[in-house]
Amino acid sequence: KGDSVPALFEVFGITDIPEMGPFTVSGRLTDSQGKLAAKDIELDLGTEDLARVALTGQIDDLQSFQEIGFSATATGRSVGAIFDLFQVSGVPKIGPFEVSGKVETENRKWNITNLTLDAGSRDLVVIRLAGAILDVTTLEGADVDFSVTGNNLEHLASMIDQEFPVAGPF
């Protein structure tokens with residue numbers, strides 16, 4: 001249990017984790033496979049104001065921080081606020097979100113499968129994504145279905161700084 005997630009990950013030499021608030025973590029350390037591993041990990045972090053995140057899974061090679069697999073879910077009030085944490089600008093503030101997926105490392109690449117994202121509000125725009133990304137850092141191997149709906153196309157036009165020849169629901 002602690003107040004700073006980045007401080008927890010700095011132990012493993014990972015320094016690019018944003019501050020998301022307090023956390024609790026539990027699990028089981030073992031070397032039954034010949035290398036130190038963390039099994040049955042349960043990590044809950046964040047705040048209601050920003051986002052709540054829950055991870056369950058394992059790290060099969062703690063020393064190299066490889067062979068990682070976990071299921072993740074997150075909910076929050078603002079998609080844009082989450083991107084701000086990672087210094088990604090220009091993401092419209094469309095409202096709340098729910099996201100889930102299975103995250104794993106394979107050949108030193110992070111991938112996500114069973115990805116689902118629901119974000120936004122009907123009065124602005126609702127975005128739904130479902131699919132997989134084989135390399136999250138480069139977006140290679142992306143296979144994602146999407147839909148975008150809303151009550152007024154003018155709201156979407158202003159968010160992406162485009163003009164559309166029509167208005168109304170989409």
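Heavy atoms only, all atoms of each residue included: Ser158 and His155 are closest at OG-O, 2.9 Å. Considering all non-hydrogen atoms of both residues, Ser32 and Thr30 come closest at N-OG1, 3.1 Å. The nearest pair of heavy atoms linking Ser121 to Val126 is C-CG2, 3.7 Å. The two residues Phe23 and Leu45 make their nearest non-hydrogen contact at CB-CB, 3.7 Å. Shown here for Gly150 and Arg122, the closest heavy-atom pair between the two residues is N-NH1, 3.4 Å. In this structure, Thr56 and Glu42 approach most closely via the heavy-atom pair CG2-CG, 4.0 Å.
Leu153 and Met159 fall within a single hydrophobic cluster, where Ile, Leu, Val, Met, Phe, Trp and Tyr side chains are chained together by heavy-atom contacts under 4.5 Å. Linking Ile, Leu, Val, Met, Phe, Trp and Tyr residues whenever their side-chain heavy atoms come within less than 4.5 Å places Leu129 and Ile112 in a single cluster. Val144 and Leu134 are assigned to two separate hydrophobic clusters, defined by single-linkage of ILVMFWY side chains at heavy-atom distances under 4.5 Å.
Taking CZ from Arg108 and CG from Asp135, the interatomic distance works out to 13.5 Å, rounded to the nearest 0.5 Å. The distance from atom CG of Leu55 to atom CD1 of Ile68, rounded to the nearest 0.5 Å, is 11.0 Å. Remark: Thr137 OG1 to Leu139 CG distance equals 8.0 Å, nearest 0.5 Å. Residue Phe146 holds its CZ atom at 14.0 Å from CZ of Arg128, rounded to the nearest 0.5 Å. For the atom pair Asn151 CG and Leu156 CG, the distance stands at 12.5 Å (nearest 0.5 Å). Summarising the geometry, atom CD belonging to Glu67 is positioned 9.5 Å from atom CD belonging to Gln33; distances are rounded to the nearest 0.5 Å.
Under the 3.5 Å distance criterion, with hydrogens and angles disregarded, no donor-acceptor pair is assigned to the side chains of Asp49 and Thr47.
The environment of CG in Asp3 is sparse: at most 12 heavy-atom neighbours from other residues, nucleotides or ligands sit within 6.0 Å. Heavy atoms from other residues, nucleotides or ligands lying under 6.0 Å from CG of Asp123 number more than 12.
Between the Arg52 side chain and the Gly46 main chain, a donor and an acceptor come within less than 3.5 Å of each other. Here the side chain of Gln63 pairs no donor or acceptor atom with the backbone of Phe65 at under 3.5 angstrom.
Salt-bridge check for Lys109 with Glu140: failed, with every basic side-chain N at 4.0 Å or more from each acidic carboxylate O.
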Taking distance alone, no hydrogens or angles, what donor-acceptor pairs closer than 3.5 Å link side-chain atoms of residues 93-102 to residues at least two apart or in another chain?
unit_1 : atom_1 : unit_2 : atom_2 : d
Lys93  : NZ     : Asp84  : OD2    : 3.1
Ser100 : OG     : Thr116 : OG1    : 2.8

